Engineer: 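Supplied in structure tokens, the structure appears directly below.
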Amino acid sequence: MSKINVLIVDDSAVVRQVLTKMLEDDPAIHVIGAAADPIFAMERMKLHWPDVIVLDVEMPRMDGITFCARSCQSGRRRW
């Protein structure tokens, strides 16, 4: 069975680090990366589209809701 690819997007370095550690403890999950804001996340997603995004709602430069809407409109969704 293939692993679930997860991208973490949060402006807090501590939260990104803790979530990465927690998720990587599960053998069924692969954290493909972590981004400090949605702009960096969009660049990372151009290289590898995640199965799941763990997303902070309040971030600088773009809020998580707007990022989620733009990601869904990108045409790369799998559902």
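Worth saying up front: this structure is predicted, and the values here are computed from it rather than measured.
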Engineer: Ile4 and Leu19: same hydrophobic cluster, using ILVMFWY side-chain contacts below 4.5 Å?
Structural biologist: yes

Engineer: Does Asp56 reach the side chain of Ser12, with side-chain heavy atoms less than 4.5 Å apart?
Structural biologist: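 In short, these two side chains do not touch, never coming nearer than 4.5 Å.
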
Engineer: Under 4.5 Å between any side-chain heavy atoms of Val18 and Met22, yes or no?
Structural biologist: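 They are in side-chain contact.
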
Engineer: Return a table of donor-acceptor pairs under 3.5 angstrom between the side chains of residues 28-41 and protein atoms on other chains or two or more places apart.
Structural biologist:
unit_1: Asp37; atom_1: OD1; unit_2: Ile39; atom_2: N; d: 2.9
unit_1: Asp37; atom_1: OD1; unit_2: Phe40; atom_2: N; d: 3.0
unit_1: Asp37; atom_1: OD1; unit_2: Arg61; atom_2: NH2; d: 3.3
unit_1: Asp37; atom_1: OD2; unit_2: Arg61; atom_2: NE; d: 2.9
unit_1: Asp37; atom_1: OD2; unit_2: Arg61; atom_2: NH2; d: 3.1

Engineer: Would you find more than 12 non-hydrogen atoms of other residues, nucleotides or ligands less than 6.0 Å from Gln17 atom CD?
Structural biologist: no

Engineer: Between Val57 and Ile65, is the side chain to side chain contact (heavy atoms under 4.5 Å, CB included) condition met? List the steps.
Structural biologist: CA-CA 6 Å; Val57 175; Ile65 303 300; 4.1 Å; yes

Engineer: How close do Arg44 and Leu7 get, heavy atom to heavy atom, and via which atoms?
Structural biologist: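 Taking Arg44 first and Leu7 second, the nearest heavy atoms are CD-CD1, 3.4 Å.
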
Engineer: With a 4.5 Å cut-off on side-chain heavy atoms, are Ile8 and Thr20 touching?
Structural biologist: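 Touching, per the 4.5 Å side-chain cut-off.
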
Engineer: Can you give me the closest heavy-atom contact between Asp11 and Glu58, atom names plus distance?
Structural biologist: OD1-O, 3.7 Å

Engineer: Nearest 0.5 Å, please: how far is CE in Met42 from CZ in Arg70?
Structural biologist: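 Arg70 atom CZ to Met42 atom CE measures 5.5 Å (nearest 0.5 Å).
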
Engineer: Counting N and O atoms only, with roles assigned by atom type, does the side chain of Ser71 sit under 3.5 Å from a partner on the main chain of Phe67, one being a donor and the other an acceptor?
Structural biologist: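 Between the backbone of Phe67 and the side chain of Ser71 there is a qualifying donor-acceptor contact (under 3.5 Å).
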
Engineer: Begin from the C-alpha positions of Val54 and Val6 and carry the test side chain to side chain contact (heavy atoms under 4.5 Å, CB included) through to its verdict.
Structural biologist: CA-CA 7 Å; Val54 178; Val6 177; 3.9 Å; yes

Engineer: Side chains of Asn5 and His48, heavy atoms from C-beta outward: is any pair under 4.5 Å?
Structural biologist: yes

Engineer: If hydrophobic clusters are built by linking Ile, Leu, Val, Met, Phe, Trp and Tyr wherever their side-chain heavy atoms come under 4.5 Å apart, do Leu23 and Ile53 end up in the same one?
Structural biologist: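 No, no single cluster joins them.
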
